[in-house]
Amino acid sequence: MELVEEKLGEHHLDEKHVVDVVVRFAGDSGDGMQLTGSAFTQVTALYGNDLSTFPDFPAEIRAPVGATFGVSAFQIYFGAEDVTTPGDEVDVLVAMNPAALVTNITSLVDGGLVIVDSGAFTAKNLHKAKYESNPLEDGSLDPFRVLDIDISKQVLAAVEPFGLGHKDGLRCKNMWTLGLVIWLFDRDRKPTIESLEQKFASKPEIAKANVAALNAGHAYGETAELPVGIHLYKIPKAHVPAGTYRNMTGATALAWGLIAGGELADIDLLFASYPITPASNLLHELANRKEFRINTFQAEDEIAAVCAAVGASFAGTLGVTSSAGPGIALKSEGIALAAATELPLVIVNTQRGGPSTGLPTKTEQSDFNIALYGRHGDAPMPVLAAATPCDCFEVAIEAVRLATKYMTPVMLLSDGYLANASEPWKIPDVSTLQDFPVNFHDEAEGFKPSLRNDETLARVWAKPGTPGLEHRLGGIERSYDSGDISYDPENHQRMTDLRQAKIAGISSDIPLQEVVLGETTGKLAVVGWGSTFGAIHQAVKRARLEGLEVSHIQVRYLSPLPPNLGNLLAGFDTVLVPEMNTGQFINLLRAEYLIEAEGLSKVSGQPFKIGEILAAIHKEYELMGENP
Amino acid sequence: MELVEEKLGEHHLDEKHVVDVVVRFAGDSGDGMQLTGSAFTQVTALYGNDLSTFPDFPAEIRAPVGATFGVSAFQIYFGAEDVTTPGDEVDVLVAMNPAALVTNITSLVDGGLVIVDSGAFTAKNLHKAKYESNPLEDGSLDPFRVLDIDISKQVLAAVEPFGLGHKDGLRCKNMWTLGLVIWLFDRDRKPTIESLEQKFASKPEIAKANVAALNAGHAYGETAELPVGIHLYKIPKAHVPAGTYRNMTGATALAWGLIAGGELADIDLLFASYPITPASNLLHELANRKEFRINTFQAEDEIAAVCAAVGASFAGTLGVTSSAGPGIALKSEGIALAAATELPLVIVNTQRGGPSTGLPTKTEQSDFNIALYGRHGDAPMPVLAAATPCDCFEVAIEAVRLATKYMTPVMLLSDGYLANASEPWKIPDVSTLQDFPVNFHDEAEGFKPSLRNDETLARVWAKPGTPGLEHRLGGIERSYDSGDISYDPENHQRMTDLRQAKIAGISSDIPLQEVVLGETTGKLAVVGWGSTFGAIHQAVKRARLEGLEVSHIQVRYLSPLPPNLGNLLAGFDTVLVPEMNTGQFINLLRAEYLIEAEGLSKVSGQPFKIGEILAAIHKEYELMGENP
Amino acid sequence: MSEMIPTLTLKDFATDQEIRWCPGCGDYAILKTMQKLMPGLEQTKENQVFVSGIGCSSRFPYYMNTYGFHTIHGRAPALATGIKLANPELNVWVITGDGDGFSIGGNHMMHVLRRNVDVQLLLFNNEIYGLTKGQYSPTSAVGTRSPSSPQGSVDLPLAPCELALGAGATFVARSIDTEAKHLSGVVKLADEHRGASFVEILQNCPIYSDGIFENVKNKKLAADFKVEVEHGKPLVFGKERNKGIQLDSQALKLKVVELSETVSEAKLLVHDENNKVLAQMLSTMSGPDFPVAVGLIYRQDKASYVDDSQKQAAEVRKNGISLQELLNSGYTWIVE
Amino acid sequence: MSEMIPTLTLKDFATDQEIRWCPGCGDYAILKTMQKLMPGLEQTKENQVFVSGIGCSSRFPYYMNTYGFHTIHGRAPALATGIKLANPELNVWVITGDGDGFSIGGNHMMHVLRRNVDVQLLLFNNEIYGLTKGQYSPTSAVGTRSPSSPQGSVDLPLAPCELALGAGATFVARSIDTEAKHLSGVVKLADEHRGASFVEILQNCPIYSDGIFENVKNKKLAADFKVEVEHGKPLVFGKERNKGIQLDSQALKLKVVELSETVSEAKLLVHDENNKVLAQMLSTMSGPDFPVAVGLIYRQDKASYVDDSQKQAAEVRKNGISLQELLNSGYTWIVE
Ligand SMILES: Cc1ncc(C[n+]2csc(CCOP(=O)(O)OP(=O)(O)O)c2C)c(N)n1
Ligand SMILES: Cc1ncc(C[n+]2csc(CCOP(=O)(O)OP(=O)(O)O)c2C)c(N)n1
Ligand code: SF4
Ligand code: SF4
Ligand SMILES: [Mg+2]
Ligand SMILES: [Mg+2]
């Protein structure tokens with residue numbers, strides 16, 4: 001995404017200069033909101049906007065119809081400028097029933113547009129949503145512009161010719177609504193029509209009904225007399241680099257990055273995992289990708305998963321495992337075995353709300369500590385964090401590179417937000433990716449399992465099945481010289497030092513820390529890691545437009561840290577560290593560089609809003625005695 | 001122990017003013033060295049010396065006779081001054097065979113005395129010890145004073161009257177040797193004779209033979225013509241406070257502390273554990289103490305152990321679990337459940353050499369990180385460390401107090417050294433111990449599981465079986481108000497803040513940090529935690545005798561830290577932090593107080609030597625531009 | 001009794017929590033049956049404790065107005081053991097799923113059964129991981145297509161009752177979510193058993209494994225596809241009670257026979273709930289060739305771990321000493 | 001064959017590591033037997049991999065000059081599964097103890113057996129935790145006095161072979177540490193089996209559980225206290241081969257009979273290694289009333305997890321696409 005530094009005012013839809021918009025589709029689990037959102041994303045991408053999306057599933061598998069806890073939503077932020085979050089507040093809310101309205105209306109900006117299916121505002125549904133009076137009538141929606149249409153009725157009329165029953169007919173409500181929204185933003189509905197025809201190829205009547213509903217919704221926008229101020233909006237196209245694009249979620253990007261990493265390393269991968277929210281998607285995606293050099297193993301639990309992965313690595317295939325929260329905790333002993341035996345291993349941690357079972361479907365960054373310090377004994381290992389959905393692809397490749405090059409476990413931190421959020425991805429040319437083929441040792445002469453590369457300090461990787469390299473590994477301390485068990489005190493010190501030096505040494509094999517936005521010195525650096533990227537980025541951008549001397553630094557390499565980070569931070573008067581935890585990364589920065597960094601902590605299961613970070617920037621500025 | 005600040009010179013046994021001595025008994029696993037050491041400890045304590053002991057078992061269960069890896073040793077440091085470590089270097093080494101000699105001679109000071117059983121220096125044994133020539137003959141022992149006696153022959157002669165076979169007769173070798181050493185230090189051998197008679201009450205012949213051997217060894221000292229410079233030594237008595245004393249190992253002190261904690265809290269305890277070196281002793285000791293309000297459960301694994309303990313706590317009995325290294329890693333998820341549901345739990349971590357299986361029989365402090373940070377999500381909990389074997393008693397009581405008062409898991413850090421080391425313990429008067437009885441909630445009116453104490457913020461403890469208090473707990477985030485499951489973002493923030501505040505608040509319920517030795521401000525503070533106490537203490541004492549402005553601070557409360565610690569440390573120009581890890585605690589101090597502390601790291605599986613810390617003190621002094 | 005004890009009803013065992021299972025989930029029926037059963041059990045309400053792991057099924061405790069603990073995935077049997085050891089008066093129920101109880105929790109399940117800890121374990125077997133959205137489980141049939149096995153699973157499944165028997169279970173039974181009367185009867189027996197009682201409940205998940213138990217649940221088919229086993233009774237089944245199970249004692253195998261003039265009920269195998277070999281055979285019978293056995297398959301009296309552990313402690317306590325005596329025990333010396 | 005392949009001997013399979021078992025430990029005998037057996041096996045030395053957990057027994061790999069991995073406590077079956085999935089050419093052995101394999105490792109043991117992963121699992125059962133200095137284990141008899149059970153253990157023990165059968169094992173056998181020939185034969189069969197083969201080896205620990213298998217090990221007693229089972233052969237035992245096992249097919253129980261003129265060998269139970277019911281009965285026979293069964297108790301051909309997983313992957317790979325094609329698949333758009 002290109003960074004367009006133009007003045008961004010506060011805006012509503014009735015302003016002339018609308019450069020970006022947040023739309024949120026919300027309905028019952030059965031209302032097809034995810035499909036609607038995806039289809040709208042498709043036409044919006046094609047239109048040429050930059051965008052970012054986030055699906056908001058209910059925690060329940062399938063809640064009763066009309067229940068508030070069964071509301072499923074999809075949010076898209078799109079516009080002419082670089083878009084890096086799905087948006088703080090919603091400009092247009094589509095609410096298919098009272099439950100969707102009540103659970104989402106608080107995120108709508110004052111003056112925002114809410115489109116409701118008044119046909120669904122029955123007494124029963126109002127009751128389920130715990131409304132005491134009908135919000136369409138009691139004036140509670142006065143701060144907003146309301147477009148209430150009996151969509152149910154409209155749809156049934158539109159699909160009548162196709163002989164669908166009442167129930168199947170109502171299933172087309174989402175397409176009718178999509179048609180209306182497509183009209184509202186002047187998008188092309190052809191791609192949607194094509195996908196519908198493809199999707200229901202075997203049921204042409206259903207396809208036709210859906211298309212008819214889509215068209216009817218669109219026509220409604222064109223012809224019906226809409227309330228004052230509601231009209232067709234033209235959001236300018238974004239200036240995005242030329243190329244072929246696709247939409248990518250973080251989970252898919254990560255999965256594909258692992259596959260790419262395996263290809264670049266020229267090795268097979270075994271992905272061993274046990275289902276857990278929100279990490280399972282990775283397993284699902286990869287189980288579907290066995291045409292590549294990857295196999296998947298659904299283990300009996302997380303311990304078996306990490307152990308199978310370590311076993312695979314011992315056998316010469318890169319073991320990868322993946323989990324979240326409680327599952328990560330269970331893998332600790334297995335990870336330590338990989339660290340002690342110096343075998344490669346990639347652990348993907350899709351963080352969720354904690355502690356304990358916590359909030360499985362919500363996002364958080366509270367596993368920084370366990371990633372860095374969650375092993376018994378001194379067992380350092382690299383920890384990387386992905387910043388955006390697309391970044392997951394690159395970071396996954398990097399995790400494979402470090403694991404195989406340094407014969408070490410590597411933890412990759414993603415989170416529930418990143419995994420499910422999506423954004424357009426400029427598809428790279430695979431041939432331009434830098435490869436890093438693994439060299440298995442095969443020379444029997446002079447072989448011992450303790451041989452290591454002088455430069456990287458990596459232990460040799462000797463594959464079972466190779467004649468003459470028979471050897472034993474194990475988790476008991478091993479002799480630096482021979483690789484045999486050693487209880488010798490000096491050897492233990494030497495091996496401990498070695499393990500530390502090996503990981504520390506990686507800092508010279510990673511890029512120097514860059515500043516994402518702003519100068520390399522100044523008043524304030526906002527330092528983030530992981531999925532806070534988008535919100536920090538927008539906040540810093542806005543602050544800079546206000547004339548503040550703020551820079552944005554996003555750290556990918558959490559351990560070891562980039563070698564220049566300390567100096568970089570020293571160049572700022574103040575350092576602000578927003579984190580979705582109680583302040584874990586900031587402790588590392590303080591310990592490492594002895595700087596008076598300020599934390600900004602949010603632990604609500606929700607990503608930061610741009611405004612929250614902007615407010616913190618203002619506050620820091622005030623504390624510095626400056627007027628923001 | 002009282003701190004006697006008198007000038008302590010470097011000393012050998014031939015100096016006039018010998019105030020303390022280190023004796024090490026070493027022999028084959030079958031030679032009964034542990035028994036010998038314990039008996040000598042007994043008579044030494046009775047004599048009135050202060051002392052500290054450490055058994056050094058082989059890692060193997062039962063090694064072949066004569067093998068170096070089967071050598072079992074027992075070290076005792078005793079003297080007229082406060083003794084807090086088993087000593088750096090050995091003054092008197094007893095080596096019952098070549099393997100014992102070769103593995104222990106390096107710890108003998110130049111000029112030290114070595115007593116060997118020349119009868120065991122056979123070609124076969126020399127070969128097993130990998131000696132190429134007989135050290136008793138090749139001059140390699142020249143730097144030492146050697147007392148080589150054919151103990152085997154002496155013993156056989158002494159026990160001849162009792163009709164024991166050759167093999168059983170030789171079994172008395174250790175008592176002969178003990179007799180000699182008892183003579184050497186002018187102790188009373190009556191208690192030993194009494195114990196022998198008690199121990200072998202059912203085998204009077206064996207008892208008599210052992211006593212005869214003991215007497216013969218003693219007589220040998222009195223009558224034989226010993227080499228120059230070897231004579232009877234008189235170590236002055238120590239100035240210890242009046243009272244009844246016993247010898248205590250850390251493991252026993254900890255076990256008894258848990259029992260005492262339960263009594264003071266007026267609750268039952270369930271100790272659920274799975275065997276692991278060096279933590280098993282605790283299970284063994286408590287399995288033998290079911291006459292108190294404690295039951296033990298040997299679970300199928302560490303996960304089951306911690307979960308059974310949490311279950312017990314739910315049911316109104318304090319759950320305690322215990323492990324080391326890999327087992328602690330496995331407990332992480334269960335501990336987090338206790339943190340999330342706010343149930344009391346005590347986890348005893350007897351640290352050992354890591355990472356992975358590491359060095360199970362060796363000591364280390366490398367689980368500081370996992371103790372503080374080893375849980376997924378934000379799950380803070382108190383962490384305490386015991387400093388000496390006897391301190392384990394108090395710290396265990398304190399862990400029970402904090403767990404039950406604040407309804408939280410508490411981790412207690414011990415280590416392999418502390419667990420096995422022993423020192424005299426002034427037996428407390430139980431009636432003077434401060435009690436802290438638990439109040440179970442029993443009022444049905446207005447009950448909800450989320451009720452909490454305004455002051456401590458502790459959640460209510462409502463015991464199943466109480467009518468009207470039926471309620472459900474769980475690891476999913478719970479409503480601050482009702483205790484029911486809550487996915488509400490603001491509630492999650494509130495509960496996260498609450499959990500943090502509750503643990504942070506404990507800092508006002510713990511003693512202010514004191515300075516163990518020295519002034520409260522000065523040039524250098526040596527800050528330790530856990531079992532480094534003894535070595536730091538002696539080193540600081542020696543440095544102070546040299547005139548250096550050094551103070552010793554030992555932190556028991558690692559989380560939360562004592563409220564005055566930051567100010568205290570700020571009063572020193574430099575802070576030195578010795579740790580048996582790569583520098584874990586120091587990071588907390590740096591992050592917390594932004595001080596330029598210096599680490600002193602030792603990760604060899606061995607406790608610090610006094611000299612090592614003293615050297616570091618000197619170095620710090622030099623760096624400060626001062627002449628030590 | 002002169003004092004009036006208000007009798008409790010199903011409603012007293014319902015909580016105010018909104019139930020979060022999918023519409024049509026078999027768990028509803030089980031919940032109802034359990035709530036209904038509770039008032040009739042010996043133990044009082046305040047002594048009932050429901051413990052669960054994680055899964056759809058494991059939400060159960062939230063809906064039972066007793067003491068309850070929704071713990072962590074797979075560990076409920078371990079927590080239950082701790083609860084029972086802490087307070088043997090409590091009547092402890094473990095609610096678990098095929099994933100919770102036999103995938104991640106297999107070890108604790110095995111050991112709670114082997115130790116014969118006096119708890120009731122109800123396994124809601126829907127042959128799928130419901131809560132995590134439908135991945136195949138260790139009880140899923142080979143070929144199950146799921147998000148994690150898009151080409152069909154290749155793992156051989158395990159049979160919960162067979163495994164329980166192998167682990168030394170002293171009470172093994174099977175029932176069906178919607179068969180309220182049958183289920184209720186089986187659970188009552190489980191409650192009465194001293195030691196670990198294991199009950200497999202075939203539970204339909206309409207979302208991810210809908211219809212897998214159709215044969216034994218469908219009113220029309222069930223008679224031919226399941227057999228209700230009852231101690232001392234011949235194994236008869238079929239719509240017209242025209243089929244039965246015989247033992248081929250040479251081949252040591254069961255076979256299905258049609259009842260006829262020559263083959264009378266008297267020639268059928270008679271269920272003996274104390275015979276483990278028979279239990280093993282019955283527990284593994286499966287369609288389409290064999291009917292699925294439901295009812296109390298196996299029961300045996302054996303030492304209960306909690307009883308014996310308590311007894312041992314009580315024995316030791318007889319010679320109890322005070323804490324001060326402990327501290328002063330063994331070798332001590334006095335410094336004056 | 002014209003090319004000379006140097007034949008390997010026992011010595012080629014010994015390492016230079018000092019063996020750290022106690023003098024007299026049964027593990028020595030097993031090691032020797034295994035080293036001796038290796039040269040005769042089909043797989044080459046470089047394809048042999050020994051994987052173990054933690055315990056005295058688990059030190060085994062250090063002494064075998066093949067590939068080896070001494071992993072973490074209880075997890076060897078999981079590592080072995082990963083190794084085998086990574087490279088099915090490797091011949092993978094899991095060496096485990098009663099604590100390692102059935103206490104902490106019970107879950108992985110159960111699942112490796114159920115999945116029928118093609119590895120050989122050798123359980124050194126000494127009914128004790130040796131390495132941690134003698135605590136009782138899940139296979140220890142009730143009443144075992146140990147450091148953690150000073151008044152005698154109260155947990156009921158489990159029977160490894162029974163549990164393995166319950167978990168769906170397709171190969172179950174038992175042998176004895178010092179019976180080199182018998183052990184060697186059984187292990188060879190295990191090696192040949194495609195799928196998970198489970199072998200329980202009764203192993204004496206002279207330090208902590210000395211003599212518990214005396215009846216079946218002692219040359220004088222063994223004939224009366226153990227029975228060697230062999231497919232198709234009647235179950236005869238006794239010093240004079242004068243005793244046998246019969247099946248009481250009514251009670252579905254085994255019984256010991258004296259051979260006599262009326263009771264000939266022909267009337268004895270004939271071992272059928274493919275009959276699981278029989279296997280269950282045989283595997284649980286124990287003294288003093290019954291002889292302990294040694295030999296191949298059960299064997300069955302079933303789908304092997306690794307084979308099927310590989311096949312499925314291979315199938316998918318036939319229609320392989322390139323990474324670039326993957327990245328470009330689905331809905332894309334072009335920005336110019
Ligand atoms: C340690 C851990 N691993 C994984 C999960 C995710 N998880 C929750 S429930 C479940 C499976 C549930 O299956 P089952 O026990 O059959 O219950 P069901 O939902 O089918 O009733 C999994 C994998 C978790 N919560 N914790
Ligand atoms: C996670 C973990 N828990 C506990 C231990 C301690 N431990 C090592 S071996 C062992 C038991 C070994 O028993 P078994 O498998 O029967 O082997 P044996 O020594 O009897 O051959 C235990 C409890 C450990 N190393 N790791
Ligand atoms: S997913 Fe299946 S098991 Fe879970 S609540 Fe829904 S129907 Fe029930
Ligand atoms: S303790 Fe027992 S099992 Fe372990 S090595 Fe010694 S004799 Fe063998
Ligand atoms: Mg299930
Ligand atoms: Mg064992």
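Quick note on labels: first sequence line is chain A, next is B, and so on, each numbered from 1.
Residues of residues 107-117 of chain C having a heavy atom under 4.5 Å from any heavy atom of chain B, listed by number: N107(C), H108(C), H111(C), R115(C). Among the residues in residues 68-79 of chain C, those with a non-hydrogen atom closer than 4.5 angstrom to a non-hydrogen atom of chain B are G68(C), F69(C), H70(C), T71(C), I72(C), H73(C), R75(C), A78(C), L79(C).
Contact annotation for T341(B): only side-chain heavy atoms (C-beta onward) come within less than 4.5 Å of a heavy atom of chain C. For chain C, the nearby part of K463(B) is the backbone; its heavy atoms alone come within less than 4.5 Å. If you measure heavy-atom distances from Q42(B) to chain C, the contacts under 4.5 Å come from both the backbone and the side chain. If you measure heavy-atom distances from L323(C) to chain B, the contacts under 4.5 Å come from both the backbone and the side chain. Heavy atoms of P191(B) lying under 4.5 Å from chain C belong exclusively to its side chain. For chain C, the nearby part of L343(B) is the side chain; its heavy atoms alone come within less than 4.5 Å. Contacts of A272(B) with chain C are absent, with no heavy-atom separation under 4.5 Å from either backbone or side chain. Within the 4.5 angstrom heavy-atom criterion, atoms from both the backbone and the side chain of S329(C) approach chain B. For chain C, the nearby part of D301(B) is the side chain; its heavy atoms alone come within less than 4.5 Å. Residue contact with chain C, scored on non-hydrogen atoms closer than 4.5 Å, involves the side chain of L337(B) exclusively. With a 4.5 angstrom heavy-atom cutoff, A304(B) touches chain C via backbone and side-chain atoms both.
Of all heavy-atom pairs spanning V335(C) and P241(B), the tightest one is CG1-O, 3.8 Å. Here the shortest heavy-atom pairing between T332(C) and R246(B) reads CG2-CB, 4.0 Å. Between G465(B) and Y67(C) the shortest heavy-atom distance is N-CE1, 3.4 Å. The minimum heavy-atom distance linking P464(B) with V49(C) is given by the pair CB-CG2, 4.0 Å.
Residues Q312(C) and N295(B) have side chains not in contact (no heavy-atom distance under 4.5 Å, counting atoms from C-beta outward). The shortest distance between side-chain heavy atoms of F292(B) and L326(C) falls below 4.5 Å. Side-chain contact check for Y62(C) versus D484(B): every heavy-atom pair is 4.5 Å or farther apart. Side-chain contact between E46(C) and L469(B) is absent, with no heavy-atom pair separated by less than 4.5 Å. Two residues are said to be in side-chain contact when any heavy atoms from C-beta on lie closer than 4.5 Å; R59(C) and I476(B) meet this criterion. The shortest distance between side-chain heavy atoms of N247(B) and Y331(C) does not fall below 4.5 Å. Taking the side chain as every heavy atom from C-beta outward, L327(C) and P428(B) approach each other to under 4.5 Å.
Annotation: maximal heavy-atom pairing with chain C below 4.5 Å, among R289(B), E300(B), E263(B), K290(B), occurs at E300(B). Note: A86(C) leads A313(C), A86(C), G320(C) in heavy-atom pairs under 4.5 Å with chain B. Between chain B and the residues K45(C), E336(C), K84(C), the most heavy-atom pairs under 4.5 angstrom are made by K45(C). Counting heavy-atom pairs under 4.5 Å between each of T66(C), N47(C), I334(C) and chain B puts T66(C) at the top. The candidate from N65(C), I54(C), D16(C) with the greatest count of non-hydrogen atom pairs under 4.5 Å with chain B is N65(C). Put simply, of R293(B), E333(B), M248(B), the one with the most heavy-atom pairs under 4.5 Å next to chain C is E333(B). Annotation: maximal heavy-atom pairing with chain C below 4.5 Å, among T466(B), V310(B), L318(B), occurs at T466(B). Ranking I259(B), T244(B), T317(B) against chain C, the residue ahead of the rest is T244(B), based on heavy-atom pairs under 4.5 Å. With chain B as the partner, the residue from L85(C), V92(C), V51(C), T81(C) showing the most heavy-atom pairs under 4.5 Å is L85(C).
At most 12 heavy atoms of other shown residues, nucleotides or ligands fall within 6.0 angstrom of atom CD in E89(C).
E315(C) pairs by the side chain to side chain contact (heavy atoms under 4.5 Å, CB included) definition with K318(C), not counting sequence neighbours. Evaluation of the ring pair (Phe, Tyr, Trp, His ring centres under 6.0 Å) rule for W256(B) yields no partner, not counting sequence neighbours.
Once rounded to the nearest 0.5 Å, the distance linking CZ of F50(C) with CZ of R472(B) reads 11.0 Å. Taken from CZ in F314(B) to CG in N87(C), the straight-line distance is 11.0 Å, to the nearest 0.5 Å. Rounding to the nearest 0.5 Å gives a distance of 10.5 Å between CD of E291(B) and OG of S322(C). Taking CD of E18(C) as the start and CD1 of I485(B) as the end, the distance is 11.5 Å to the nearest 0.5 Å. To the nearest 0.5 Å, the span separating CD1 on I427(B) from CG on N328(C) amounts to 4.5 Å.
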